[in-house]
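Each chain gets a letter, A, B and so on, in the order the sequences are listed, and its residues count up from 1.
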There are 2 protein chains.
Amino acid sequence: MSAPGTDIEQVELANTSFYEALERGDFEELSSLWLAPLDTAEDDLVETRGGDEDEEKGPVISCVHPGWPVLNGRGEVLRSYALIMANTEYIQFFLTDVHVSVHGDTALVTCTENILSGGPSPDDSDELGPLVGQLVVATNLFRRTPYGWKLWSHHASPVLAEGGEEDGEDTPG
Amino acid sequence: MSAPGTDIEQVELANTSFYEALERGDFEELSSLWLAPLDTAEDDLVETRGGDEDEEKGPVISCVHPGWPVLNGRGEVLRSYALIMANTEYIQFFLTDVHVSVHGDTALVTCTENILSGGPSPDDSDELGPLVGQLVVATNLFRRTPYGWKLWSHHASPVLAEGGEEDGEDTPG
(Lines give C-alpha, C1' and ligand atoms only; values in the text may rest on other atoms or scores of the structure.)
Protein backbone atom coordinates (compact mmCIF):
# COMPACT_ATOMS: atom_id res chain seq x y z
CA MET A 1 0.00 0.00 0.00
CA SER A 2 3.02 2.34 -0.19
CA ALA A 3 2.52 2.70 -3.96
CA PRO A 4 0.16 5.45 -5.13
CA GLY A 5 -2.69 2.97 -5.53
CA THR A 6 -6.13 3.52 -6.93
CA ASP A 7 -8.31 6.51 -6.19
CA ILE A 8 -10.33 4.45 -3.77
CA GLU A 9 -7.21 3.29 -1.92
CA GLN A 10 -5.91 6.86 -1.74
CA VAL A 11 -9.22 8.14 -0.37
CA GLU A 12 -9.34 5.35 2.17
CA LEU A 13 -5.80 6.27 3.26
CA ALA A 14 -6.76 9.94 3.57
CA ASN A 15 -9.77 8.93 5.65
CA THR A 16 -7.61 6.76 7.92
CA SER A 17 -5.01 9.54 8.26
CA PHE A 18 -7.74 11.89 9.48
CA TYR A 19 -8.67 9.57 12.34
CA GLU A 20 -5.05 8.76 13.15
CA ALA A 21 -4.25 12.47 13.44
CA LEU A 22 -7.15 12.77 15.91
CA GLU A 23 -5.92 9.76 17.88
CA ARG A 24 -2.44 11.26 18.16
CA GLY A 25 -3.80 14.72 18.92
CA ASP A 26 -1.69 16.00 16.03
CA PHE A 27 -3.27 19.35 15.31
CA GLU A 28 -0.81 20.34 12.60
CA GLU A 29 -1.33 17.12 10.65
CA LEU A 30 -5.08 17.43 11.10
CA SER A 31 -5.04 21.00 9.76
CA SER A 32 -3.11 19.85 6.69
CA LEU A 33 -5.72 17.20 5.91
CA TRP A 34 -8.53 19.78 5.60
CA LEU A 35 -8.97 21.59 2.31
CA ALA A 36 -7.27 25.01 2.34
CA PRO A 37 -8.11 28.00 0.12
CA LEU A 38 -4.85 27.71 -1.80
CA ASP A 39 -5.41 24.04 -2.63
CA THR A 40 -8.15 24.51 -5.22
CA ALA A 41 -9.50 28.01 -5.00
CA GLU A 42 -9.85 28.88 -8.64
CA ASP A 43 -13.22 27.46 -9.63
CA ASP A 44 -15.33 27.42 -6.52
CA LEU A 45 -18.63 29.18 -6.09
CA VAL A 46 -19.69 29.95 -2.58
CA GLU A 47 -22.82 31.56 -1.27
CA THR A 48 -24.32 31.94 2.14
CA ARG A 49 -27.96 32.69 2.79
CA GLY A 50 -29.58 33.80 5.94
CA GLY A 51 -26.67 35.08 7.88
CA ASP A 52 -23.11 36.16 7.76
CA GLU A 53 -21.14 37.47 4.85
CA ASP A 54 -18.75 35.05 3.22
CA GLU A 55 -15.68 34.94 5.35
CA GLU A 56 -13.30 33.60 2.79
CA LYS A 57 -12.83 32.97 -0.89
CA GLY A 58 -12.41 29.51 -2.30
CA PRO A 59 -13.71 26.27 -0.87
CA VAL A 60 -15.55 26.58 2.41
CA ILE A 61 -15.09 23.52 4.57
CA SER A 62 -17.81 22.41 6.94
CA CYS A 63 -17.86 20.19 9.99
CA VAL A 64 -20.50 18.79 12.32
CA HIS A 65 -19.35 17.07 15.52
CA PRO A 66 -21.84 14.71 17.20
CA GLY A 67 -24.66 16.82 18.65
CA TRP A 68 -23.12 20.12 17.47
CA PRO A 69 -24.40 22.76 15.09
CA VAL A 70 -22.66 23.22 11.72
CA LEU A 71 -19.22 24.85 11.71
CA ASN A 72 -18.21 26.57 8.47
CA GLY A 73 -14.78 27.71 7.35
CA ARG A 74 -11.27 26.78 8.48
CA GLY A 75 -11.34 29.20 11.40
CA GLU A 76 -14.36 27.69 13.13
CA VAL A 77 -13.54 24.12 12.20
CA LEU A 78 -9.90 24.12 13.32
CA ARG A 79 -10.73 25.99 16.53
CA SER A 80 -13.22 23.25 17.39
CA TYR A 81 -10.55 20.59 16.99
CA ALA A 82 -8.12 22.52 19.16
CA LEU A 83 -10.83 22.64 21.83
CA ILE A 84 -11.65 18.94 21.50
CA MET A 85 -7.97 17.97 21.64
CA ALA A 86 -7.46 20.10 24.74
CA ASN A 87 -10.25 18.21 26.50
CA THR A 88 -9.38 14.71 25.34
CA GLU A 89 -6.66 12.70 27.02
CA TYR A 90 -7.28 9.58 25.02
CA ILE A 91 -9.31 8.73 21.95
CA GLN A 92 -9.36 5.74 19.67
CA PHE A 93 -11.47 5.11 16.56
CA PHE A 94 -12.34 1.63 15.36
CA LEU A 95 -13.77 2.19 11.89
CA THR A 96 -16.30 -0.25 10.47
CA ASP A 97 -18.66 -0.24 7.47
CA VAL A 98 -16.33 1.95 5.43
CA HIS A 99 -17.90 2.78 2.05
CA VAL A 100 -15.94 4.78 -0.51
CA SER A 101 -17.45 6.22 -3.66
CA VAL A 102 -15.40 8.35 -6.07
CA HIS A 103 -16.77 10.60 -8.78
CA GLY A 104 -14.22 12.65 -10.69
CA ASP A 105 -12.41 14.86 -8.19
CA THR A 106 -14.83 14.22 -5.35
CA ALA A 107 -15.01 11.26 -2.99
CA LEU A 108 -17.71 10.35 -0.52
CA VAL A 109 -16.88 8.15 2.47
CA THR A 110 -19.35 6.87 5.01
CA CYS A 111 -18.21 4.91 8.03
CA THR A 112 -19.09 3.92 11.55
CA GLU A 113 -16.76 5.36 14.19
CA ASN A 114 -16.66 3.05 17.20
CA ILE A 115 -15.06 5.50 19.63
CA LEU A 116 -13.34 4.83 22.93
CA SER A 117 -12.30 8.02 24.67
CA GLY A 118 -11.32 9.43 28.02
CA GLY A 119 -11.00 12.91 29.45
CA PRO A 120 -8.63 14.14 32.12
CA SER A 121 -8.81 12.36 35.45
CA PRO A 122 -11.38 13.96 37.74
CA ASP A 123 -9.00 13.91 40.73
CA ASP A 124 -6.04 15.61 39.01
CA SER A 125 -3.91 12.50 39.20
CA ASP A 126 -1.84 11.28 36.28
CA GLU A 127 -4.36 8.57 35.48
CA LEU A 128 -6.98 8.77 32.77
CA GLY A 129 -10.56 9.62 33.49
CA PRO A 130 -13.11 6.88 32.88
CA LEU A 131 -13.20 5.55 29.33
CA VAL A 132 -16.43 6.08 27.44
CA GLY A 133 -17.64 4.19 24.38
CA GLN A 134 -19.62 6.00 21.68
CA LEU A 135 -21.28 4.84 18.50
CA VAL A 136 -21.04 7.53 15.84
CA VAL A 137 -21.62 7.52 12.08
CA ALA A 138 -19.77 9.84 9.73
CA THR A 139 -20.09 11.17 6.22
CA ASN A 140 -16.73 12.46 4.99
CA LEU A 141 -16.36 14.32 1.74
CA PHE A 142 -12.94 14.62 0.09
CA ARG A 143 -11.60 16.56 -2.87
CA ARG A 144 -8.67 15.73 -5.06
CA THR A 145 -5.96 18.41 -4.96
CA PRO A 146 -2.38 18.59 -6.19
CA TYR A 147 -1.44 17.74 -2.59
CA GLY A 148 -3.63 14.66 -2.31
CA TRP A 149 -7.23 14.10 -1.21
CA LYS A 150 -8.34 16.74 1.30
CA LEU A 151 -11.41 16.94 3.55
CA TRP A 152 -14.14 19.28 2.32
CA SER A 153 -16.79 18.22 4.82
CA HIS A 154 -17.11 15.98 7.87
CA HIS A 155 -20.48 15.26 9.47
CA ALA A 156 -20.58 12.95 12.49
CA SER A 157 -23.62 12.07 14.56
CA PRO A 158 -24.53 9.77 17.41
CA VAL A 159 -26.42 6.57 16.67
CA LEU A 160 -29.27 6.46 19.14
CA ALA A 161 -30.13 2.82 19.73
CA GLU A 162 -33.48 1.64 18.50
CA GLY A 163 -33.97 -1.94 19.61
CA GLY A 164 -30.25 -2.24 20.27
CA GLU A 165 -29.62 -4.61 17.37
CA GLU A 166 -26.97 -2.46 15.72
CA ASP A 167 -24.64 -1.34 18.38
CA GLY A 168 -24.83 -3.43 21.53
CA GLU A 169 -25.96 -0.46 23.57
CA ASP A 170 -29.34 -0.32 25.14
CA THR A 171 -29.63 3.38 25.85
CA PRO A 172 -32.83 4.53 24.27
CA GLY A 173 -32.80 7.59 22.03
CA MET B 1 -36.15 32.67 -10.19
CA SER B 2 -37.99 30.74 -12.94
CA ALA B 3 -35.02 31.16 -15.31
CA PRO B 4 -32.28 28.52 -15.13
CA GLY B 5 -30.21 30.75 -12.89
CA THR B 6 -26.71 30.21 -11.58
CA ASP B 7 -25.37 26.93 -10.30
CA ILE B 8 -25.80 28.12 -6.75
CA GLU B 9 -29.42 29.10 -7.37
CA GLN B 10 -30.12 25.76 -9.00
CA VAL B 11 -28.58 23.86 -6.11
CA GLU B 12 -30.55 25.91 -3.63
CA LEU B 13 -33.74 25.12 -5.54
CA ALA B 14 -32.90 21.41 -5.58
CA ASN B 15 -32.30 21.58 -1.83
CA THR B 16 -35.63 23.33 -1.26
CA SER B 17 -37.44 20.82 -3.51
CA PHE B 18 -36.12 18.00 -1.36
CA TYR B 19 -37.66 19.45 1.80
CA GLU B 20 -40.90 20.40 0.03
CA ALA B 21 -41.30 16.81 -1.22
CA LEU B 22 -40.91 15.64 2.37
CA GLU B 23 -43.46 18.18 3.59
CA ARG B 24 -45.99 17.01 1.00
CA GLY B 25 -45.21 13.34 1.63
CA ASP B 26 -44.56 13.04 -2.11
CA PHE B 27 -42.60 9.81 -2.31
CA GLU B 28 -42.38 9.75 -6.10
CA GLU B 29 -40.98 13.29 -6.28
CA LEU B 30 -38.57 12.51 -3.46
CA SER B 31 -37.32 9.38 -5.25
CA SER B 32 -36.69 11.41 -8.39
CA LEU B 33 -34.54 13.91 -6.46
CA TRP B 34 -32.07 11.24 -5.36
CA LEU B 35 -29.28 10.26 -7.73
CA ALA B 36 -30.18 7.10 -9.70
CA PRO B 37 -27.74 4.67 -11.34
CA LEU B 38 -28.78 5.73 -14.83
CA ASP B 39 -28.16 9.42 -14.14
CA THR B 40 -24.36 9.31 -14.13
CA ALA B 41 -23.19 5.73 -13.90
CA GLU B 42 -20.33 5.75 -16.32
CA ASP B 43 -17.39 7.03 -14.31
CA ASP B 44 -18.04 6.10 -10.72
CA LEU B 45 -15.79 3.98 -8.58
CA VAL B 46 -17.41 2.29 -5.65
CA GLU B 47 -15.93 0.11 -2.97
CA THR B 48 -17.19 -1.22 0.28
CA ARG B 49 -14.96 -2.46 3.04
CA GLY B 50 -15.84 -4.45 6.07
CA GLY B 51 -19.15 -5.86 5.05
CA ASP B 52 -21.47 -6.56 2.20
CA GLU B 53 -20.69 -6.90 -1.45
CA ASP B 54 -21.50 -3.95 -3.65
CA GLU B 55 -25.21 -4.04 -4.23
CA GLU B 56 -25.30 -1.90 -7.31
CA LYS B 57 -23.18 -0.34 -10.01
CA GLY B 58 -22.85 3.39 -10.42
CA PRO B 59 -23.24 6.02 -7.73
CA VAL B 60 -24.17 4.73 -4.30
CA ILE B 61 -26.30 7.21 -2.42
CA SER B 62 -26.10 7.44 1.35
CA CYS B 63 -28.41 8.82 3.98
CA VAL B 64 -28.30 9.35 7.74
CA HIS B 65 -31.50 10.34 9.51
CA PRO B 66 -31.11 11.96 12.96
CA GLY B 67 -29.93 9.28 15.38
CA TRP B 68 -29.88 6.55 12.73
CA PRO B 69 -27.02 4.45 11.35
CA VAL B 70 -25.88 5.00 7.74
CA LEU B 71 -28.16 3.78 4.97
CA ASN B 72 -26.46 3.01 1.63
CA GLY B 73 -28.04 2.52 -1.78
CA ARG B 74 -31.42 3.50 -3.20
CA GLY B 75 -33.17 0.44 -1.76
CA GLU B 76 -32.33 1.18 1.88
CA VAL B 77 -32.64 4.95 1.53
CA LEU B 78 -36.01 5.03 -0.22
CA ARG B 79 -37.48 2.36 2.07
CA SER B 80 -36.56 4.55 5.05
CA TYR B 81 -38.47 7.49 3.58
CA ALA B 82 -41.52 5.32 2.88
CA LEU B 83 -41.40 4.29 6.55
CA ILE B 84 -40.98 7.86 7.80
CA MET B 85 -43.78 9.14 5.58
CA ALA B 86 -46.11 6.38 6.80
CA ASN B 87 -45.52 7.50 10.39
CA THR B 88 -45.68 11.26 9.85
CA GLU B 89 -48.99 13.07 9.61
CA TYR B 90 -47.46 16.51 9.43
CA ILE B 91 -43.97 17.85 8.95
CA GLN B 92 -42.65 21.29 8.17
CA PHE B 93 -39.07 22.44 7.68
CA PHE B 94 -37.94 26.01 8.31
CA LEU B 95 -34.46 26.16 6.82
CA THR B 96 -31.91 28.60 8.19
CA ASP B 97 -28.14 29.08 7.81
CA VAL B 98 -28.16 27.70 4.27
CA HIS B 99 -24.61 27.56 2.87
CA VAL B 100 -24.03 26.44 -0.72
CA SER B 101 -20.63 25.65 -2.15
CA VAL B 102 -20.22 24.40 -5.73
CA HIS B 103 -17.13 22.75 -7.17
CA GLY B 104 -17.43 21.48 -10.72
CA ASP B 105 -20.23 18.92 -10.83
CA THR B 106 -20.52 18.61 -7.07
CA ALA B 107 -22.33 20.88 -4.63
CA LEU B 108 -22.22 20.89 -0.85
CA VAL B 109 -25.09 22.37 1.13
CA THR B 110 -25.23 22.75 4.88
CA CYS B 111 -28.33 24.02 6.62
CA THR B 112 -30.25 24.02 9.85
CA GLU B 113 -33.61 22.24 9.69
CA ASN B 114 -36.00 23.73 12.21
CA ILE B 115 -38.58 20.94 12.15
CA LEU B 116 -42.15 20.97 13.35
CA SER B 117 -43.80 17.57 13.05
CA GLY B 118 -46.68 15.52 14.31
CA GLY B 119 -47.58 11.84 14.23
CA PRO B 120 -51.03 10.28 14.10
CA SER B 121 -53.40 11.24 16.89
CA PRO B 122 -53.03 8.91 19.86
CA ASP B 123 -56.81 8.52 20.22
CA ASP B 124 -57.58 7.60 16.60
CA SER B 125 -59.50 10.80 16.00
CA ASP B 126 -59.04 12.85 12.86
CA GLU B 127 -56.94 15.39 14.71
CA LEU B 128 -53.18 15.54 14.67
CA GLY B 129 -51.08 14.14 17.45
CA PRO B 130 -49.06 16.64 19.46
CA LEU B 131 -46.63 18.76 17.44
CA VAL B 132 -42.97 18.35 18.27
CA GLY B 133 -40.15 20.79 17.47
CA GLN B 134 -36.70 19.50 16.59
CA LEU B 135 -33.42 21.23 15.86
CA VAL B 136 -31.47 19.30 13.24
CA VAL B 137 -28.45 20.16 11.09
CA ALA B 138 -27.91 18.68 7.65
CA THR B 139 -25.11 18.22 5.16
CA ASN B 140 -26.53 17.62 1.70
CA LEU B 141 -24.34 16.64 -1.23
CA PHE B 142 -25.61 17.11 -4.79
CA ARG B 143 -24.31 16.07 -8.17
CA ARG B 144 -24.98 17.70 -11.51
CA THR B 145 -26.71 15.36 -13.96
CA PRO B 146 -28.41 15.84 -17.34
CA TYR B 147 -31.66 15.91 -15.34
CA GLY B 148 -30.60 18.57 -12.86
CA TRP B 149 -28.84 18.50 -9.50
CA LYS B 150 -29.51 15.22 -7.67
CA LEU B 151 -28.88 14.18 -4.07
CA TRP B 152 -25.84 11.96 -3.58
CA SER B 153 -25.79 12.09 0.22
CA HIS B 154 -27.89 13.48 3.05
CA HIS B 155 -26.68 13.46 6.65
CA ALA B 156 -28.94 14.94 9.32
CA SER B 157 -28.30 14.97 13.04
CA PRO B 158 -29.86 16.39 16.18
CA VAL B 159 -28.32 19.46 17.77
CA LEU B 160 -28.00 18.66 21.44
CA ALA B 161 -28.17 21.89 23.37
CA GLU B 162 -25.07 23.03 25.17
CA GLY B 163 -26.02 25.97 27.29
CA GLY B 164 -29.30 26.33 25.35
CA GLU B 165 -28.24 29.45 23.47
CA GLU B 166 -28.76 27.98 20.03
CA ASP B 167 -32.12 26.35 19.98
CA GLY B 168 -34.35 27.28 22.85
CA GLU B 169 -34.35 23.72 24.16
CA ASP B 170 -32.79 22.82 27.43
CA THR B 171 -32.41 19.10 27.06
CA PRO B 172 -28.80 18.31 27.82
CA GLY B 173 -26.81 16.12 25.45
Side-chain angles (χ1 to χ4, degrees), chain A residues 6-9 11-12 40 43-52 54 59-64 66-73 95-112 135 137-139 141 143 152-162 166-167 173, chain B residues 6-9 11-12 40 43-52 54 59-64 66-73 95-112 135 137-139 141 143 152-162 166-167 173:
Chain A
T6 65
D7 280 348
I8 283 180
E9 284 168 351
V11 170
E12 204 172 343
T40 59
D43 56 353
D44 278 296
L45 297 167
V46 174
E47 196 164 320
T48 299
R49 291 286 166 87
D52 312 326
D54 298 346
V60 173
I61 61 174
S62 70
C63 177
V64 179
W68 287 42
V70 180
L71 306 176
N72 283 109
L95 300 187
T96 54
D97 309 310
V98 179
H99 288 237
V100 180
S101 158
V102 176
H103 172 70
D105 290 341
T106 311
L108 174 64
V109 178
T110 59
C111 58
T112 302
L135 189 73
V137 288
T139 299
L141 184 62
R143 270 174 42 186
W152 186 9
S153 166
H154 165 71
H155 191 143
S157 64
V159 177
L160 308 172
E162 204 171 322
E166 288 270 357
D167 56 8
Chain B
T6 65
D7 278 348
I8 282 179
E9 283 167 353
V11 170
E12 204 171 344
T40 59
D43 57 352
D44 277 298
L45 297 167
V46 174
E47 196 163 321
T48 299
R49 293 283 165 89
D52 313 327
D54 299 347
V60 173
I61 61 174
S62 70
C63 178
V64 179
W68 287 41
V70 180
L71 306 177
N72 283 108
L95 299 186
T96 53
D97 309 310
V98 180
H99 288 237
V100 180
S101 160
V102 176
H103 172 71
D105 291 340
T106 311
L108 175 65
V109 179
T110 58
C111 57
T112 302
L135 188 74
V137 287
T139 299
L141 183 63
R143 271 177 37 190
W152 185 9
S153 165
H154 165 71
H155 191 144
S157 63
V159 176
L160 307 173
E162 206 170 323
E166 289 270 357
D167 57 7

**Message:** How close do A:Ser62 and B:Leu108 get, counting heavy atoms only, and between which atoms?
**Reply:**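 Looking at all heavy atoms of both residues, the closest pair is OG-CD2, 3.9 Å.
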**Item:** Residue pair B:Thr139 / A:Ser153: nearest heavy atoms and the distance that separates them
**Value:**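 Scanning both residues, the minimum pair turns out to be CG2-OG, 3.5 Å.
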**Point-to-point distance, once rounded to the nearest 0.5 Å, from CH2 of B:Trp152 to OG of A:Ser101** =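 Here the rounded value is 4.5 Å.
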**Message:** For A:Ser157 and B:His155: C-alpha separation, side-chain torsions, deciding distance, then whether side chain to side chain donor-acceptor pair (under 3.5 Å) applies.
**Reply:** CA-CA 9 Å; A:Ser157 64; B:His155 191 144; 2.8 Å; yes
What part of [X] gets closer than 4.5 Å to chain A, counting heavy atoms only: side chain, backbone, both or neither?
X: B:Leu141; answer: side chain
X: B:Thr110; answer: side chain
X: B:Val64; answer: side chain

